[in-house]
Structure formats: C-alpha cells, structure tokens
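Small disclaimer: the values here were computed from a predicted structure and weren't measured. So that the names make sense, note that chain A is the first sequence line, chain B the second, and so on, each numbered from 1.
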Amino acid sequence: MLLSAPDRTIRRVCIQKFHVVTESGYWNKVDELAALSKDVLTEVHTPGEGVVKACFARRPNYNNLVPALLEIGVCDELLIRCGLSLHIPLRSMSGGITRDLGKMLTNLQGRDCSLKSKYDGHQAQVHCDEHSKVTIFSRHLEVMTDKYLDLVALVPKIRAKGVESLIIEGETLANRARKDVVIGTVKTEVKSIDATSADSGAVSEFFKSATDVRCEGIKVKVLDNLPNPDLPPDDVDADRVLLPPSTPQKRKGAAAAKAKKKSSANDVVVNSKSSTHRKALLATYEPDKRLDFWLEVKKHYNTSADTIDLISVGAWHGISRKCKWWSPILLAVRNSGTGYLEAVTKCISGFSDKFYATNRAKYDPDDGGGTNVNSKPSYIEYGGRPSVWFEPQEVWECALADITLSPTYMAALGLVREERGLSLRFLGFSRVREDKGNEEAGTSDFLAELYGKQQARALQKGEEKIRDAEKEEW
DNA sequence: GGTGCAGCCTC
DNA sequence: TTCGGAT
DNA sequence: ATCCGAAGAGGCTGCACC
C-alpha cells in the first residue's frame, strides 16, 4: 500500500511515542487486557472505538487525531481536541434510504413530518469562517472550492447577522441537472410541507410532484422526536453541531443546514430563538450516522420506477471478482422501422452471481452454450467493441430512473434531437421476460416517447421563470 | 486554436 | 450512484 | 449491520497533437 507523505510522518511519530509509553508501564496494561475474554474486551474497546470514530467523522484528519490520541488517549476530551473544525470537512450525514413510499408511511406510524424535495444535483459542504473565507467540499470530501466561485462569493453575503462562521450542506445544480433540464423547473421555489404520515395521500402527492419536476426524490424528517435523554438542554459538547432556528419555508433546497461554532468549547450556538411554531426537529447533526428520524425516498429506489424491455446483444469480460463472467452487458432497443437493434446502455446492476454464471453458460461456446458470435452482426448499431456479441434472443426487463440525451449512444437518434441519441441513467436488471421475443422488446420510439413524457412532466409542473440561471441554486 | 482523449469528479 | 457478496 | 469492489452515465479540465 502506498502511503502519502503525511501518513509516513504519522507512522514515524507513532513508533517513537510507543517507545515512550512502553517505558512508563503501558505494557502492563496490555498484558491485563490480553488476559480478558473476548466479550469483556469488546466491552472495553467499544466505547473507545466510538469516541475515535466520532472524532474522525467530525475531523477526518490523522494529523490531528493521532497526536491527540498519543497525548491524551481515548477520552471525552478527544472529542473537543479533535472536534469539528472549519475548513476541514466532516463526514456527511445521510438519511435512511427507503425503497418504498408506502412502507415508509407504515414505519412512521402516523407521526408528523416535514417533507422536502431533494434536488438532483451535487452535494456540497460549505464552510465559511469569520474572515469570510469559504471552502467547499464534495460528497467525498474533495475540495471543490474552485468549482463554485459564485457560491464562494455568495455565502458570506447571505450569512445571518451575528453568525461568525458556519458550515452548511446542500445540493448544487451546477452540472448535470442544468444541462438537459428545463431551466424553469430548476428555478422552482423549493417545496416543503409539513404533514402527518397518516395522510398518505398528501405524502404520495408530494413525492409525485417532486419527481415530476425531476427532483431526485424527497427527504422526510420526523418532527416529533423526543429529546435525547442523554443530552440535557444545556449540553455544550463542542463536537455537537446544532441546527439554527428552523425556518423551513425560507430554507432552500435540500440544504439540511446545520450550523456553527467558534473554537472554544463553550461557545456553541444553540437553538436560541425559540420562535418555531412547529414541532422541533431533532437538533443534533451526527455526521457519522444514518438517522432514523430522517428518511429519503428516491425516485430510482422507488418500486414504481419506469421499466423498459431491452435485448442483450453483447458483453465484456469482467475483471477480478467477475473475471469468470461477462460484465458489463450491452443492451439495445429495437428500431421498429429498420429492424435494427440500437445499443442504449451497458448494464452492471441487478445481476446475481448465479445469473452471471447462467448467462456465461448460455452464450459461451466453450461452455456448452454456443450462441455468441464472433463479429458484430450487421443489424446492431453500436460504435464500441464488446468482447463478445450475443445472438439476440433474450428480452430483459430493466428498471430505470432517467433517460438522458447521450453524447455516445445512438439509440433513438433523431427522434428527440438530431445528432443525439438516448441513454439510461441508473439502469438495473429486473428479470428475464421469458414471455417475450425480440420483436416484443422496447423500441426506440417507445424510448423517445418515455423521454418526452419525462420532459413534459417537468415542463408542466415547472414554473415560468426561465431566465437568468444563476450558476447554483439551493 | 481546435479536437479528442484520459483522468477525475459527480450521481 | 447501483448492486451483490463477504466479513 | 457494514464494508468492499465492480461497474454504469455524464460533465469538466487539462494536455497532447494536429
């Protein structure tokens, strides 16, 4: 394994320090620990592990964590020493993901909740300090500040009076979502409603309207969480990030904002203005946890996602774990005019290992199969070169989240846009359609139609404000 | 200066 | 992002 | 439960090359 330069430094420091610790009797303790049973040992280790993990989630930086560990060990103070810090990204908190809207409603058992549409964009974590220095991190905590210069300029300006520094998280719509999406829909004011999960009609309606305007789905936050008994109201742990006063109507986008602090342990901003005329959200932001009061229902997780029947026409050799099988697999739609099969995407998702094995056996001549062919059949439209071409004979039902105008695939070329074909986003294999022959597979017309519907829904729901797209919307 | 591709990023 | 599989 | 790895689409950037 390659170590980056800082890691090497750390390793050296560790070794030196352990020698010191050894001389002062640390080994005795190690011997004691070694004598303990596994269960007891787990009991000893687990709380410590929790503390270290919590620190690392708040400040994923070994240069801080390791020296502090060596100096003070695993203790509560570590959470202060290695707590949240501006311009160092904290790990993102995610909501629990729910596949099925109905199931979610059942789970919520009628509790009150706040619903927000979740934009289909890029997650960004924005840090702004008292000198208006802004740093922006991506979902994977990469520094993306330079990609969002307008945001860098904007954030200090919109900072509320009295807030010295802040960390917020939200969704930016800089890339994909702005390209092929009707801008008017992007400009739509962020939708947010409070509802009770007993009103399944309202929730379903909200989900539908959100996905219609090409949001990724919705976020559902339970409003009536009781305070955590472990956290007295005046708790001021520095590691805990606290929500600012909740103003959901104003708060924009998927910006599940949280706030702020200064470096001293006793200077955490608490929910000061208690002007909320609604039930409180749980106030803590736990960067390393998925939370049961916060759920996401996404379009492409949804069991009611669109499906299309595609024909498998070729594949590549898999690598490493999948080297015995073919993956990815090339799929095509049928052009009902020409009879040609037009490649529309490669599929990697939804296959079990067993399915891969069966698939290999079926098409590989060396495996008793024998229905793949050496060269590209003339009736297949595809510019690339798979490892093998299949003799088209299977129709697969696949679920998809979105249809995209593709720079590479030529399926449905000209039906939506001259020079551009269509492809599929988040495609997953569902099942083999034993009951369907090639002639009954999805057509390029159908695909184009589906694309049209997708756009039309967005247009219809979208608001009129088209003009002046700011580079990022929240 | 334009194009195409590799590499890296996002979902 | 997805998924399935291993741990 | 959690983590890991194999891969998809598309977008942007920077560089080599014409």
Side-chain angles (χ1 to χ4, degrees), chain A residues 1 42 46 49-50 53 57 89 91-92 94-97 99 118-125 136-149 169-181 214-217 254 288-292 296 298-303 305 310 312 314-331 343-359 383-384 386-387 396 398-411 420-431 447 451 471-472:
Chain A
M1 181 185 170
T42 305
T46 302
E49 187 181 325
K53 277 186 176 168
R91 292 238 297 260
S92 257
S94 338
I97 288 165
R99 196 165 223 93
K118 184 177 189 313
Y119 278 149
D120 184 1
H122 287 177
Q123 188 174 313
Q125 187 184 114
I136 300 172
F137 301 96
S138 70
R139 178 184 185 79
H140 298 301
L141 313 186
E142 305 286 338
V143 178
M144 290 282 150
T145 313
D146 293 347
K147 296 235 166 67
Y148 299 109
L149 291 179
E169 194 169 71
E171 200 83 0
T172 65
L173 301 183
N175 300 332
R176 200 200 87 79
R178 284 206 332 147
K179 274 258 152 100
D180 297 329
V181 168
R214 304 203 59 185
C215 281
E216 195 180 48
D288 46 349
K289 295 192 172 73
R290 280 201 184 251
L291 299 162
D292 56 5
E296 291 177 7
K298 294 192 185 178
K299 186 180 167 186
H300 42 276
Y301 294 131
N302 200 29
T303 42
L310 301 170
S312 51
W316 287 258
H317 294 295
I319 58 173
S320 87
R321 198 179 76 80
K322 299 190 179 180
C323 65
K324 292 204 214 73
W325 309 311
W326 284 320
S327 174
I329 295 173
L330 185 65
L331 301 174
V344 67
T345 192
K346 289 181 252 186
C347 187
I348 56 160
S349 194
F351 305 116
S352 63
D353 288 9
K354 204 174 167 191
F355 183 90
Y356 281 126
T358 310
N359 183 254
S387 314
W396 294 353
C398 298
L400 63 122
D402 268 318
I403 303 167
T404 55
L405 273 172
S406 173
T408 49
Y409 288 92
M410 294 300 142
R420 288 261 249 169
L422 298 176
S423 189
L424 307 169
R425 185 166 175 241
F426 300 140
L427 188 77
F429 167 81
S430 304
R431 62 189 174 118
L447 185 62
Y451 180 86
K471 294 228 170 94
E472 280 82 32

### Task
Would you mind classifying the nucleic acid contact of G350(A) as base, sugar-phosphate or nothing, using non-hydrogen atoms under 4.0 angstrom?
sugar-phosphate

### Query
Separation of K147(A) atom NZ from dC8(B) atom P, in whole Å?
12 Å

### Query
Rounding to a whole Å, what distance do you find between I329(A):CD1 and dC3(C):C1'?
13 Å

### Task
Compare every heavy atom of D353(A) with every heavy atom of R321(A), then report the nearest pair and how far apart it is.
NH1-OD2, 2.8 Å

### Query
For D353(A) and dT2(C), what is the distance between atoms CG and C1' respectively, to the nearest whole Å?
15 Å

### Query
Does any donor atom in the side chain of S406(A) or T408(A) lie under 3.5 Å from an acceptor atom in the other side chain?
yes

Set out, line by line, the N/O atom pairs under 3.5 Å between protein and nucleotides 2-9 of chain D.
unit_1: dA6(D); atom_1: OP1; unit_2: S320(A); atom_2: OG; d: 2.3
unit_1: dA7(D); atom_1: OP1; unit_2: I319(A); atom_2: N; d: 2.7
unit_1: dA9(D); atom_1: OP1; unit_2: Y409(A); atom_2: OH; d: 2.3

### Residues forming a side chain to side chain contact (heavy atoms under 4.5 Å, CB included) with P386(A), sequence neighbours excluded
W316(A), L330(A), Y382(A), W389(A)

### Message
Is the shortest side-chain heavy-atom distance between Y356(A) and S327(A) below 4.5 Å?
### Response
yes

### L149(A) CG - dT13(D) P separation (whole Å)
10 Å

### Message
Nearest whole Å is fine: how far is dT2(C) C1' from L427(A) CG?
### Response
10 Å

### Query
To the nearest angstrom, how far is F429(A) atom CZ from dG4(C) atom P?
11 Å

### Atom of E169(A), atom of Q125(A) and distance for their closest heavy-atom approach
OE2-NE2, 3.8 Å

### Query
How many Å lie between CZ on F351(A) and P on dG5(C), as a whole number?
13 Å

### Message
Among residues at least two apart in sequence or on other chains, which ones pass side chain to side chain contact (heavy atoms under 4.5 Å, CB included) with S312(A)?
### Response
I329(A), L331(A), Y363(A), F390(A), E394(A), W396(A)

### Value in whole Å for how far the C1' atom of dG10(D) lies from CD1 of I403(A)
15 Å

